[in-house]
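Heads up: the structure comes next, in structure tokens.
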Amino acid sequence: MTEPARQTARELLGTGTLEPLDADVIAVKIGDRIVDLHTPISAEPSELSVIRRDSPEALEVIRHSTAHVMADAVQRLFPGTQVTIGPAIQSGFYYDFDRPDGPFTDKDLQRIEKEMRRIMNAKRPFVREVVSREAAIELFRSMGETYKVELIEGFAADAEISLYRHASPGRQEGSWFDLCSGPHVPSTADLGVVKLTSVAGAYWRGDETRPMLQRIYGTAFRTQEELDRYLEQQEEAKRRDHRKLGKELELFWFHEYAPAMPFFLPRGASVYRRLVDYIRSLYVRYGYEEVITPQIFDKRLFETSGHLQNYRENMYLPVTAETLDEIAQQEPSCSHPALENLSQKPMNCPSHCLIFGQRRRSYRELPWRIADFGRLHRYERGGSLHGLARVRSFCQDDAHIFCTPEQIHEEMRSFNELLFEVYRAFEFKDVRVKLALRPEKRLGTEAMWDAAEQALEAVLKESGTPYELLPGEGAFYGPKLEFHVTDALGRDWQLGTVQVDYALPERFGLEYVDAQGQANRPVMLHRAILGSVERFLGVYIEHCSGKFPMWLAPEQISLLTVSERQAPFAAELAQKLRDAGVRVLVDDSSDKLGAKIRNGRNLRLPYLAVIGDQEVEQQSVALRSGEGDLGSVSVADLIERLVAEGRPPVAGAPSASGAAAGARS
RNA sequence: GCCACCUUAGCUCAGUCGGUAGAGCAACGGUUUCGUAAACCGUAGGUCUCCGGUUCAAGUCCGGAAGGUGGCUCCA
């Protein structure tokens with residue numbers, strides 16, 4: 001900060017070497033960094049690009065400044081409330097407060113919003129000020145802002161500490177200020193429209209051992225039209241919500257007697273089964289075998305695997321009546337060890353280790369890929385449950401690959417190919433890859449973790465896949481590659497995963513005999529493509545808005561009669577279609593045609609076929625799809641068409657997405 | 001788990017100041033036999049999530065529980 005060349009962007013822009021400063025300029029960009037007009041920088045004017053109020057980057061700055069105005073309003077209305085942090089986020093902004101009087105109500109939000117408008121209407125400038133570390137700590141301490149003091153104390157020794165002030169009506173110029181690195185708009189006049197959306201508790205620094213703060217979420221846009229468009233998008237997201245569609249389309253259901261454990265109704269079970277069958281069909285090509293394993297195990301299994309030591313809080317520990325009686329006899333106040341004699345499995349890997357160890361294994365058997373669609377139970381905390389996306393009872397398209405260390409690379413490559421073939425088939429385009437590294441609670445040596453993490457990273461680098469690192473997020477037995485997609489509401493969910501594991505084979509003492517007759521330890525890869533079938537279905541329902549493609553739809557077509565006279569023809573045609581393997585409904589109710597079409601459309605059926613006297617006469621149907629009227633189609637053509645379109649992506653002739661991988665196996 | 005909010009018919013939702021339960025859709029019965037997004041008439045459907053409290057009286061007010069919804073670092 002002693003560098004003499006430093007000037008603010010406002011000064012640089014004023015020199016005439018760039019575009020002249022006008023009222024629409026709210027910040028500049030240097031490379032990827034957004035810098036406001038208040039902050040001194042050492043840069044040449046040529047390195048700057050101007051951010052105007054209508055540039056996409058401006059929104060972030062506007063929202064951050066709006067968060068400041070909100071904090072100002074809150075402290076005016078609720079004296080004694082401490083401010084903490086308030087960043088701009090993807091869809092708006094939030095600010096966390098410590099309010100001694102407890103949470104904010106919806107009424108409070110309205111008052112705050114009103115106060116914010118008053119402050120914004122005053123149209124006063126933002127001002128940046130640099131202070132020394134000592135002065136900053138002294139300042140915030142004297143104000144009783146203990147969170148800010150804690151923040152400053154955590155900064156690097158050489159960090160520049162800045163305050164941002166803006167004026168609010170009835171106060172001295174610049175009297176409200178906040179510790180902040182910016183960037184901020186030049187003036188409150190540059191802000192747009194604001195809407196406070198919700199309140200929520202949030203732990204200080206996301207740490208549940210720290211105080212619970214009150215978070216207020218809001219969003220801000222340049223214009224009312226933009227805000228309205230955003231609100232409309234939110235409405236659309238709600239219409240696609242899989243929990244809503246699950247109910248409307250009678251796909252699945254929950255009952256409080258089995259919290260977070262879905263019941264799949266006939267229509268949902270139909271889709272579910274087809275999903276699993278599709279994965280099974282791929283396993284044939286990719287060289288997997290399927291096993292079926294028990295549900296409940298003696299606790300010794302999970303002691304061996306380490307689950308009881310590392311995963312206990314997520315496990316269901318079933319108790320039999322007999323066990324309960326024993327407990328009652330031995331220990332009236334109930335003892336834990338007895339309760340843990342049996343465990344519901346939370347993962348399939350331990351039983352697969354048992355199977356591997358069932359007999360002597362040869363190197364000729366490796367890589368050995370065993371798949372399992374067993375039902376798993378995991379106790380998830382109440383607050384994290386969400387429709388089908390996070391449940392306590394589910395099944396994965398799970399498989400474990402036992403192989404030699406040399407085979408890891410090829411197995412990873414082949415899995416990657418399989419996974420993207422599947423994601424392409426479901427038309428998931430924005431898949432994000434994350435590499436989760438060793439967690440605090442873990443098995444195995446550092447050398448094992450080094451090797452495993454490197455193996456995963458190598459495949460990513462080789463294929464040129466962009467990825468993000470997640471330190472500390474790996475499974476307790478190995479690092480993970482995670483494949484993430486976004487739901488209709490913008491939430492991020494992990495679907496597929498692949499994990500390299502040296503630890504479990506070690507704990508189970510697994511061995512294979514190599515070509516020299518020596519015993520060797522295999523490596524184990526844990527992998528899933530859909531991840532949990534439940535979650536996948538939930539995310540996919542939102543992805544396709546409940547309009548399942550032909551091969552997944554519970555019913556592929558509904559035959560709609562115009563009047564009673566066509567009922568025999570419809571019944572006859574339905575039977576022909578069923579004989580050809582088509583899933584068909586008949587609507588020969590006394591509803592009028594318009595109502596039948598409406599009902600069929602609301603069910604998101606791929607096809608509707610209208611049958612009136614004319615169609616009976618011509619042995620045809622008047623076909624329509626989600627897109628609209630497709631005209632008259634003969635019975636023979638209809639059957640052919642539905643059968644062809646109803647095939648899953650890889651069952652018969654390879655589709656565009658299946659062709660590349662079809663060469664393998 | 002923690003913070004806030006929600007829970008009334010199968011679904012979506014009304015229910016005023018505390019005075020004893022309503023609509024639409026769906027279901028069922030009947031009438032209608034109809035040509036591209038909702039025909040008409042009628043019937044039935046309720047432990048107002050559960051437990052407790054206040055009150056002459058509770059869907060409504062208070063406390064607790066269960067289930068659900070949003071959120072719990074995208075770091076000043």
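Just so we're on the same page: letters track the sequence lines, and every chain starts at 1.
A search for salt bridge (Lys or Arg N to Asp or Glu O under 4.0 Å) contacts involving A/E208 returns A/R381, not counting sequence neighbours.
Atom C1' of B/G46 sits at a distance of 26 Å from the matching atom of B/G30, rounded to the whole Å. Nucleotides B/A14 and B/G24 are separated by 16 Å at their P atoms, to the nearest Å. Only the C1' atoms considered, B/U8 is 13 Å distant from B/A23, to the nearest whole Å.
Of the nucleotides present, none pairs with B/U20 by Watson-Crick or G-U wobble criteria with both distances under 3.5 Å. Pair assignment for B/A57: none, as no Watson-Crick or G-U wobble contacts are both less than 3.5 Å. Under the Watson-Crick or G-U wobble criterion, with both distances below 3.5 Å, B/C40 is paired with B/G30.
Side-chain nitrogen and oxygen atoms of A/R243 include at least one within less than 4.0 Å of the OP1 or OP2 phosphate oxygen of B/U69. Using a 4.0 Å cut-off, no side-chain N or O of A/H386 falls inside it from OP1 or OP2 of B/G71. The phosphate of B/C72 has neither OP1 nor OP2 within less than 4.0 Å of any side-chain N or O from A/R210. Taking side-chain N and O atoms only, A/Y217 has a distance below 4.0 Å to OP1 or OP2 of B/C72. For A/R392 and B/G67, the shortest distance from a side-chain N or O to OP1 or OP2 is not below 4.0 Å.
Residue-level contact check: A/A567 touches neither bases nor backbone, having no heavy atom under 4.0 Å from any strand. Counting non-hydrogen atoms under 4.0 angstrom, A/R215 reaches the backbone sugars and phosphates but no base. Nucleic acid contact for A/G631: none, since no nucleic acid atom lies under 4.0 Å from a heavy atom of the residue. Among the protein residues, A/A202 comes within range of the sugar-phosphate backbone only, with heavy atoms under 4.0 Å from sugar or phosphate atoms but none that close to a base. Contacts of A/D613 with the nucleic acid, taken as non-hydrogen atoms under 4.0 Å apart, include base atoms. A/I85 comes within contact range of the sugar-phosphate backbone alone, with a heavy-atom separation under 4.0 Å but no base atom that close. Nucleic acid contact for A/P87: none, since no nucleic acid atom lies under 4.0 Å from a heavy atom of the residue. Looking at heavy-atom distances under 4.0 Å, A/E615 makes contact with a base. Among the heavy atoms of the strands lying under 4.0 Å from A/N602 is at least one base atom, whether or not backbone atoms are also near.
Nucleotide B/C2 holds its P atom 14 Å from the CG atom of A/L385, rounded to whole Å. Atom NE2 in A/H255 sits about 14 Å away from atom C1' in B/U7, given to the nearest Å. Between the CH2 atom of A/W253 and the P atom of B/C11 there is a distance of 10 Å, given to the nearest Å. Put simply, CD on A/Q234 is 12 Å from P on B/G70, counting in whole angstrom units. Between the NE2 atom of A/H242 and the P atom of B/U69 there is a distance of 9 Å, given to the nearest Å. Nucleotide B/A9 holds its P atom 11 Å from the NZ atom of A/K247, rounded to whole Å. Residue A/L608 contributes atom CG, which lies 9 Å from atom C1' of B/U36 at whole-angstrom precision. Counting to the nearest Å, the P atom of B/A38 and the CZ atom of A/R601 are 12 Å from each other.
Ring geometry, A/H242 versus A/F252: the interplanar angle falls from 30° to 60°, so the pair is classed tilted. Aromatic ring orientation, A/Y147 versus A/W204: perpendicular (interplanar angle above 60°, classes split at 30° and 60°). The aromatic rings of A/F78 and A/F104 lie perpendicular to each other, with more than 60° between the two planes, well past the 30° mark. The aromatic rings of A/H184 and A/F126 lie parallel to each other, with less than 30° between the two planes, well short of the 60° mark. Ring pair A/H38/A/Y164 is perpendicular by interplanar angle, where above 60° counts as perpendicular and below 30° as parallel.
Checked by distance alone, A/Q214 brings no side-chain donor or acceptor within 3.5 Å of a matching partner on the base of B/G71. Checked by distance alone, A/Y203 brings no side-chain donor or acceptor within 3.5 Å of a matching partner on the base of B/G71. A donor-acceptor contact under 3.5 Å links the side chain of A/R624 to the base of B/U36.
The side chain of A/M212 sits closest to B/C3 out of B/A38, B/U36, B/C3.
Comparing A/K592 and A/G382 by the nucleotide of RNA chain B that holds the closest heavy atom to each, the one mapping nearer the 5' end is A/G382.
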Which atom pairs link the protein and nucleotides 25-32 of chain B when you take only N or O atoms and keep those under 3.5 Å?
none

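Distance OG1/A/T219 to CD/A/E226: 10.0 Å, rounded to 0.5 Å. The CG atom of A/L59 sits 13.5 Å away from the NE2 atom of A/H64 when rounded to the nearest 0.5 Å.
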